[in-house]
> 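Quick one: this structure, given as structure tokens, is what I'll be asking you about.
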Amino acid sequence: VTVLIGIFCIGIAADRQEKYGGYERRFTFISPLKWDYTALGMEEAAREQNASMKYVYFDRLDTQRQVEAIREAILSEVDGIITAGMEDSEELYQVIDEAKEAGIPLVLVDNDLKDSSRICYVGTDNEEMGKKAADTLAEYTEGKAEVGVIVSSLEAPNQRQRLDGLKEVLEQYPDMEIVDVR
């Protein structure tokens with residue numbers, strides 16, 4: 001029986017390799033922005049594992065294009081999808097559910113959507129990062145400062161989470177105040 005299962009698995013692997021141009025697995029990295037350095041690392045890791053990695057990116061944040069790219073990856077029946085939850089949108093949650101329903105694991109990097117059906121998140125605890133930034137700022141200013149905060153976008157969950165962490169800690173310092181967020 002073990003020999004038959006082994007022969008069957010070898011046959012499946014050979015069929016997949018033939019079907020996928022010599023690769024055992026196919027993954028798609030859908031980056032909401034151009035993250036070439038990250039993509040290079042993923043492509044190198046894919047080669048080491050005899051997998052192919054398709055890199056899809058956009059020059060600016062565009063959730064609708066991201067959703068469409070995820071749907072294309074689902075229709076292509078890839079073995080996994082890697083993307084970032086850059087915007088807290090209903091369409092993004094829905095397409096992540098679609099990947100799960102299709103049996104395709106989807107991993108979020110850099111920006112998490114905690115209530116989505118992604119299989120995991122790889123990245124920073126953004127609220128904790130904001131708290132550490134506030135602690136460092138308080139230390140260097142001896143707890144006295146008027147603070148201006150610059151964010152890339154308040155639509156991005158990671159930016160909101162960092163700002164929340166910063167605000168939480170700065171509230172403990174009566175002589176520190178956020179005067180502007182841009």
> Could you state the interatomic distance from CG (Asp125) to NZ (Lys131), rounded to the nearest 0.5 Å?
8.0 Å
> State, with a plain yes or no, whether a side-chain heavy atom of Ile96 is found less than 4.5 Å away from one of Lys100.
no
> Taking all heavy atoms of Pro174 and all of Gln172, pick out the closest pair and write down the distance.
CD-O, 3.5 Å
> Should Val149 and Arg162 count as side-chain neighbours, where that means a heavy-atom distance under 4.5 Å?
no
> Donor-acceptor pair, distance only, cut-off 3.5 Å: does the side chain of Arg182 make one with the backbone of Ile150?
no
> Quick one: does any side-chain atom of Glu146 pair with a main-chain N or O of Val179 as donor and acceptor, under 3.5 Å?
no
> Near Asp180 CG, under 6.0 Å, is it more than 12 heavy atoms from other residues, nucleotides or ligands?
yes
> If two hydrophobic side chains count as joined below 4.5 Å and joins carry through other members, does Val122 share a cluster with Leu113?
no
> Mind listing the closest non-hydrogen atom pair of Asp112 and Pro157 along with its distance?
O-CB, 4.1 Å
> With the 4.5 Å side-chain cut-off for hydrophobic clustering, are Phe29 and Leu61 part of the same group?
yes
> Give a yes or no on whether Ile82 and Tyr93 share a hydrophobic cluster (residues Ile, Leu, Val, Met, Phe, Trp, Tyr; joining criterion: side-chain heavy atoms under 4.5 Å apart).
no
> I want to check something: taking the side chain as every heavy atom from C-beta on, are Ser31 and Thr38 in contact at a cut-off of under 4.5 Å?
no
> CG/Leu163 to CD/Glu127 distance, rounded to the nearest 0.5 angstrom?
10.5 Å
> Which atoms form the tightest heavy-atom contact between Ala99 and Ile74, and what is the distance?
N-CD1, 3.5 Å
> Please check if Leu92 and Val56 belong to a single hydrophobic cluster, counting links between Ile, Leu, Val, Met, Phe, Trp and Tyr side chain heavy atoms closer than 4.5 Å.
yes
> Run the numbers on Thr141 and Val147 for side chain to side chain contact (heavy atoms under 4.5 Å, CB included), then give the verdict.
CA-CA 10 Å; Thr141 63; Val147 180; over 6 Å; no
> Passes side chain to side chain contact (heavy atoms under 4.5 Å, CB included), Asp110 versus Trp35? Steps please.
CA-CA 11 Å; Asp110 190 53; Trp35 291 347; 3.7 Å; yes
> Contact between Glu98 and Val95 at the side-chain level, heavy atoms closer than 4.5 Å - yes or no?
yes
> Please give me the minimum heavy-atom distance between Thr83 and Gln66, naming the atom from each residue.
OG1-NE2, 2.7 Å
> Keeping Arg26 on the side-chain end and Lys54 on the backbone end, is there a donor-acceptor pair under 3.5 Å?
no
> Do Ile104 and Ile81 have side chains that get closer than 4.5 Å, going by heavy atoms?
yes
> Any heavy-atom pair between the side chains of Asn111 and Tyr121 that's under 4.5 Å?
no
> Considering only heavy atoms from C-beta outward, does the side chain of Ile70 approach that of Leu106 to under 4.5 Å?
yes
> Counting only heavy atoms not in Tyr57, do more than 12 fall under 6.0 Å of its OH?
no
> Mind listing the closest non-hydrogen atom pair of Ile30 and Ala73 along with its distance?
CD1-CB, 4.4 Å
> Go through Leu170 and Lys167 one step at a time and tell me if the side chain to side chain contact (heavy atoms under 4.5 Å, CB included) criterion holds.
CA-CA 5 Å; Leu170 291 185; Lys167 286 178 178 179; 5.9 Å; no
> Kindly compute the distance separating CZ (Arg47) from OH (Tyr23), expressed to the nearest 0.5 Å.
8.0 Å
> Considering all heavy atoms of both residues, which atom of Ser52 and which atom of Ala46 are nearest to each other, and what is their separation?
C-CB, 4.4 Å
> Looking at CD of Gln64 and OG of Ser89, how far apart are the two atoms once the value is rounded to the nearest 0.5 Å?
8.0 Å
> Would you say Tyr55 and Leu40 make side-chain contact, with heavy atoms under 4.5 Å?
no
> Would a single hydrophobic cluster contain both Val78 and Ile119, if residues Ile, Leu, Val, Met, Phe, Trp and Tyr are joined by side-chain heavy-atom contacts under 4.5 Å?
no
> For Val67 and Arg71, run side chain to side chain contact (heavy atoms under 4.5 Å, CB included): C-alpha distance rounded to whole Å, both residues' side-chain angles, the deciding distance at 0.1 Å, then the answer.
CA-CA 6 Å; Val67 166; Arg71 281 205 175 101; 3.3 Å; yes
> Rounded to the nearest 0.5 Å, what separation is found between the CG atom of Leu108 and the CZ atom of Arg118?
6.5 Å
